[in-house]
Amino acid sequence: MSLGIKSIWRTRSQCIGMPGVSLLWRAGARSRAPLLSYSTSRSDAATKPQSPIARVPAVDIESQSQLRAEVVQSNHARNQLLRDAFRAETPAIKEAVERKLNSPFVPMARDYPSRVAAKQSMTWCRKIARVQVGFDIIWRHFGSGTPGWTDTFNLLKRMTPKRSEAPNMAAVRIVLPKSWDLAVGAKKIEFVDSTTGLAAKLRVSADHQNPSAIVLRGQSSVLAKAADELISACKDVEVFKLGEVAAFDYEMKRLWPAIEDAPDGGSSLPADKLENIWVHKELQTYWIDKPYEQTPRPKWWTKETFESYVTALVCGRLRPHLAMPFYRQARKDGNLIDTDGIRVNLILKAFEDPAAKDCVTPSVLKMAMAFMAHRGGHRASADRLFTLAEEWGMPMDTDAFNVMLDGYVAKRDVAFFHKFLQKMEARYFHPNARTWLLFLKLVQRDDERRQIIVAMYDLGLFEDPATRRGIAGIMAGYDSYAAFKAGKKLDMFMADQTMRYGEDWFTVGALNRILKEFFWFHSKDSPRFGDFKSLIERQSEDGRKVDISTINLILDHCAEARDWETALWALSRMSQFGCEPDHRTYQLLIALAANAQSPSALGVAFFYGVVDRKLRPPARKTMKHVLLDQNPASFWARTRPSIFSGRMARALEESRVGRPDNVVAGAEWAILSVCDGYKPAQALASALDVAFRTMDRPLHQQLKSGSGSGREPGYASRLQLRDFAVRLVDPKGARPPMTVHLDARFTPETMLRGWAPSAAGAAADGPVDAAERDPGLQDPPPPRDRAEATTSAAASRRPSRRNTRPAITTTTPPSPTEQT
């Protein structure tokens with residue numbers, strides 16, 4: 001669901017003042033009232049006093065039920081409208097998509113030497129055009145339209161002062177006498193100069209820390225006159241000049257009354273702050289193993305406890321496999337869990353607690369808003385926090401607006417981006433370089449982007465190195481496309497970028513965009529293909545390291561090109577950059593092994609992904625096709641990968657999988673029933689290197705040497721295949737290490753109830769079952785009694801007949817008692 005769509009219905013008429021929205025909101029508010037009911041027991045009515053509810057006429061009960069039914073029906077119609085706006089494929093919508101391909105907010109399809117790359121580029125352009133058409137449908141439904149890019153462009157230019165000009169925007173904090181009773185909210189006021197009689201607009205808001213203080217924003221000259229007249233009218237006020245208006249946590253300097261013995265009249269920094277510097281701290285996400293509601297909530301709020309509580313909710317993320325046990329509901333689609341929504345609700349409750357109002361700081365507010373603005377359907381909650389902060393009189397700034405604008409850019413919501421800029425203008429805030437960079441990112445056409453860059457240069461925004469790096473990162477895709485299409489070498493292109501954006505332009509974001517274009521122009525056979533490795537080793541100018549997104553980008557190319565050498569080189573760099581494989585890493589490795597017909601590497605990648613609990617539906621779908629002989633390549637029909645040990649295979653034979661769609665979930669259950677909580681002692685890159693180099697490559701050499709056509713009986717048994725051994729350790733050290741030999745395969749004939757290859761093939765492309773999302777949904781049942789458990793244990797102690805081939809391991813051979 002689009003963030004922009006949810007924002008319409010969550011912020012209601014406060015966000016967009018269009019007819020129909022407030023009416024629906026009132027109906028929704030009435031529908032939340034509890035339904036009234038009668039007591040049917042006469043004895044209770046005689047012995048107990050009659051409640052006010054019982055005196056309500058039956059007509060009111062019927063009207064409440066009818067109103068609730070109407071609201072449910074209206075909600076269904078609304079949801080259907082939103083779904084159809086982005087999913088329907090009618091002739092009119094297809095024509096609108098074709099017209100939208102010429103929009104400045106839709107990128108232009110690019111021409112590549114590879115047909116696959118050109119097709120992907122066109123598909124991406126149509127996808128973005130379809131999103132823009134959906135937003136147009138929604139906004140037209142509510143009587144509004146989508147602004148053109150020039151409207152937003154001119155608005156930004158009108159709001160942004162030039163760097164060469166003196167800053168004409170200022171803010172002062174005025175502490176009024178406590179005897180003055182003023183109910184001040186965030187609103188506009190007009191100041192009339194007593195000398196000239198001219199009126200000027202100012203913005204007034206209540207101070208968050210002091211109820212008797214106000215904050216005035218506006219033109220510097222107007223504020224100076226307003227402060228002078230206020231001082232002449234009342235000698236008991238205190239006037240403070242606020243620091244940089246476009247930054248949070250600005251410091252104040254007292255203007256009146258003057259402080260005695262202050263150095264240079266208060267203009268110099270105190271001696272104890274001369275050595276202080278500001279440090280930006282990046283928040284790191286970490287995994288948690290308990291429900292979000294169990295996050296320790298302090299008994300009373302302070303600034304420190306409030307910040308720690310909100311930070312724990314923002315940074316702590318529940319492991320995906322625990323969402324179903326904790327939050328699954330017994331209803332239709334009960335497996336669709338919005339865990340982000342649970343965190344958002346807890347954060348909102350903390351902010352709305354009256355006891356925490358004085359403990360909210362701008363940094364915590366900004367952190368919470370940034371978290372919500374990028375979560376599907378919760379951007380309206382971020383806007384709600386923004387509105388609350390304004391009502392509280394917190395020192396808002398341009399960066400607070402940029403947090404919301406960033407969410408609109410992420411979902412390509414052009415209309416809301418423009419409307420929020422108008423709100424920013426109404427509150428007398430100037431856009432900064434980040435605001436312009438967000439607009440540059442929202443616009444997708446290269447010609448229009450050049451005009452935006454020229455405007456930024458005229459406004460003096462190029463003086464900041466971070467701005468140049470941001471522009472270079474956004475434009476790196478087009479710049480590299482134009483250079484590679486012209487036949488330029490990579491080192492020549494890098495020199496050109498230095499001339500355009502300065503010596504300090506290179507960032508990880510630019511690296512990823514350049515790599516993507518490089519791979520679409522240079523195949524593995526190209527003599528320039530190895531040039532990209534120099535980019536990976538180059539130090540980023542903004543101090544960031546290469547992360548897993550860059551590794552995944554290389555693996556994405558390798559999966560299409562069936563290039564194991566480059567993939568192993570990229571995986572070997574993960575330890576250098578401190579990267580950990582994520583769910584997409586395993587997805588790409590499984591796709592690479594399936595495309596390259598590497599059964600040993602496929603088994604290792606799958607086993608590591610299961611133990612690491614980082615398999616998602618795309619990877620499970622690829623594995624399902626391989627395990628059920630549904631892969632288009634005939635290779636997998638005669639060579640099945642070894643994915644677990646003999647003990648795990650016997651457990652799966654005793655508790656067979658019930659449906660073909662759940663075969664991967666069953667294999668995961670068999671592995672995790674033995675290895676849950678363990679971690680491989682050998683790194684993923686090293687394990688895959690051993691599996692491919694010593695097992696898969698010799699296998700393909702046997703196939704090329706003519707070991708048979710692969711169709712005669714006994715073909716697979718004649719291949720000289722070896723098994724991989726994985727050394728596992730307990731990170732907590734509570735259990736002894738063990739070694740798992742991947743010597744058993746998934747056999748549908750013995751591990752799937754009612755196996756019918758034809759029926760499974762018909763369901764190959766069907767919807768992904770809920771158990772595919774989480775292997776814990778439909779686990780095979782455990783033994784039902786002690787006798788069955790004893791039989792299962794005895795079977796697990798029997799030697800595995802599948803382990804008939806030599807195993808390969810790079811670790812120290814374990815003791816016999818450690819082998820599984």
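All figures in this text were calculated on a predicted structure; none of them were measured in a lab.
In this structure, Met108 places its CE atom where only 12 or fewer heavy-atom neighbours from other residues, nucleotides or ligands lie under 6.0 Å away. Residue Arg317 places its CZ atom among 12 or fewer non-hydrogen atoms of other residues, nucleotides or ligands, all under 6.0 Å distant.
Of all non-hydrogen atoms in Met122 and Ala109, the two that sit nearest each other are CE-CB, 3.4 Å. A pairwise comparison of heavy atoms in Lys419 and Ser144 identifies NZ-OG, 4.0 Å as the closest pair. Residue Ala85 comes nearest to Ile138 through the heavy atom pair CB-CD1, 3.7 Å, listed as atom of the first residue, atom of the second, then distance. Here the shortest heavy-atom pairing between Arg445 and Pro107 reads NE-C, 3.8 Å. Between Ala312 and Tyr286, the shortest heavy-atom distance links the atoms CA-OH, 3.6 Å. Nearest heavy atom pair, residue Arg343 against residue Gly316, reads NH1-O, 3.0 Å.
No side-chain donor from either of Asn552 and Ser549 sits under 3.5 Å from a side-chain acceptor of the other. Between the side chains of Tyr112 and Glu517, at least one donor-acceptor pair of N or O atoms lies under 3.5 Å. Side chains of Gln451 and Asp447: a donor-acceptor N/O pair is absent below 3.5 angstrom, by distance only. If you check the side chains of Thr435 and Asn402, you find a donor sitting under 3.5 Å from an acceptor. Judged by distance alone, the side chains of His418 and Gln422 do bring a donor and an acceptor atom under 3.5 Å apart.
How far CZ of Phe105 is from CH2 of Trp149: 8.5 Å, rounded to the nearest 0.5 Å. Rounded to the nearest 0.5 angstrom, Lys441 NZ and Arg449 CZ are separated by 9.5 Å. Taken to the nearest 0.5 Å, the CE atom of Met324 stands 11.5 Å off from the OG1 atom of Thr339. From Leu405, atom CG reaches atom CZ of Phe417 across 5.0 Å, with rounding to the nearest 0.5 Å. Between Leu82 atom CG and His141 atom NE2 the span is 8.5 Å, to the nearest 0.5 Å. Taken to the nearest 0.5 Å, the CG atom of Asp556 stands 5.0 Å off from the CZ atom of Arg584.
The backbone N or O of Thr150 sits less than 3.5 Å from a side-chain atom of Asn154, completing a donor-acceptor pair. The backbone N or O of Arg469 lies less than 3.5 Å from no partner atom in the side chain of Thr507, so there is not a single donor-acceptor pair. The closest donor-acceptor contact from the side chain of Arg513 to the backbone of Gly473 lies under 3.5 Å. At distances below 3.5 Å, not a single donor-acceptor pair connects side-chain atoms of Asn512 with backbone N or O atoms of Gly509.
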- [ ] Could you give me the CA-CA distance, side-chain angles and deciding distance for Arg158 and Leu155, then say whether side-chain contact (heavy atoms from CB on, under 4.5 Å) is met?
- [x] CA-CA 5 Å; Arg158 184 172 69 248; Leu155 176 62; 2.9 Å; yes
TODO: Would you check, one step at a time, whether the test salt bridge (Lys or Arg N to Asp or Glu O under 4.0 Å) holds for Lys624 with Asp661?
DONE: CA-CA 8 Å; Lys624 183 186 74 171; Asp661 288 338; 3.3 Å; yes
TODO: Give the intermediate values and the outcome of side-chain contact (heavy atoms from CB on, under 4.5 Å) for residues Val344 and Met372.
DONE: CA-CA 7 Å; Val344 169; Met372 297 177 184; 4.1 Å; yes
Open item on the list: Using side-chain contact (heavy atoms from CB on, under 4.5 Å), reason through Ile342 and Glu293 one step at a time and then give a plain yes or no.
Closed with: CA-CA 8 Å; Ile342 298 172; Glu293 293 83 357; 3.4 Å; yes
TODO: Let me see the working for Leu388 and Leu365 under side-chain contact (heavy atoms from CB on, under 4.5 Å), right down to the final yes or no.
DONE: CA-CA 10 Å; Leu388 283 176; Leu365 173 70; over 6 Å; no
TODO: Evaluate the salt bridge (Lys or Arg N to Asp or Glu O under 4.0 Å) criterion for residues Asp413 and Arg379: first the C-alpha distance (whole Å), next the side-chain angles of each, then the deciding distance (0.1 Å), finally the verdict.
DONE: CA-CA 12 Å; Asp413 194 339; Arg379 191 179 59 198; 3.3 Å; yes
- [ ] Test Thr146 against Asp136 for side chain to side chain donor-acceptor pair (under 3.5 Å), laying out the working first.
- [x] CA-CA 6 Å; Thr146 303; Asp136 289 347; 2.6 Å; yes
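Salt-bridge formation is not detected for the pair Asp338/Arg375: no Lys NZ or Arg NE/NH1/NH2 atom is positioned less than 4.0 Å from an Asp or Glu carboxylate oxygen. Lys119 has no carboxylate O lying under 4.0 Å from a charged side-chain N of Asp111, or vice versa, which leaves the two without a salt bridge. Ion pairing between Arg434 and Asp464 fails under the 4.0 Å rule for side-chain N and carboxylate O.
No side-chain heavy atom of Ile288 sits under 4.5 Å from any side-chain heavy atom of Arg319. Ser480 has its side chain out of reach of Trp520: every pair of non-hydrogen atoms, C-beta onward, lies at least 4.5 Å apart. Counting heavy atoms from C-beta outward, Lys411 and Phe416 have side chains that stay 4.5 Å or more apart. When side chains are defined from C-beta on, His583 does not count as touching Leu615, because their heavy atoms never get closer than 4.5 Å. By the 4.5 Å heavy-atom criterion applied to side chains, Gln587 and Thr622 are not counted as neighbours. Side-chain contact check for Glu89 versus Arg130: some heavy-atom pair is nearer than 4.5 Å. In this structure, the side chains of Thr160 and His430 stay at 4.5 Å or more apart for every pair of heavy atoms. Two residues are said to be in side-chain contact when any heavy atoms from C-beta on lie closer than 4.5 Å; Glu352 and Lys357 fail this criterion.
For the pair Lys516 and Phe519, the cation-pi test (distance below 6.0 Å, angle within 45°) is failed. Taking the centre and axis of the six-membered ring of Phe351, the NZ or CZ atom of Arg384 falls outside the cone set by 45° and 6.0 Å.
Under the 30°/60° scheme for interplanar angles, the aromatic rings of Phe153 and Phe439 are found to lie parallel. Ring planes of Tyr327 and Tyr292: parallel class, angle under 30° (limits at 30 and 60°).
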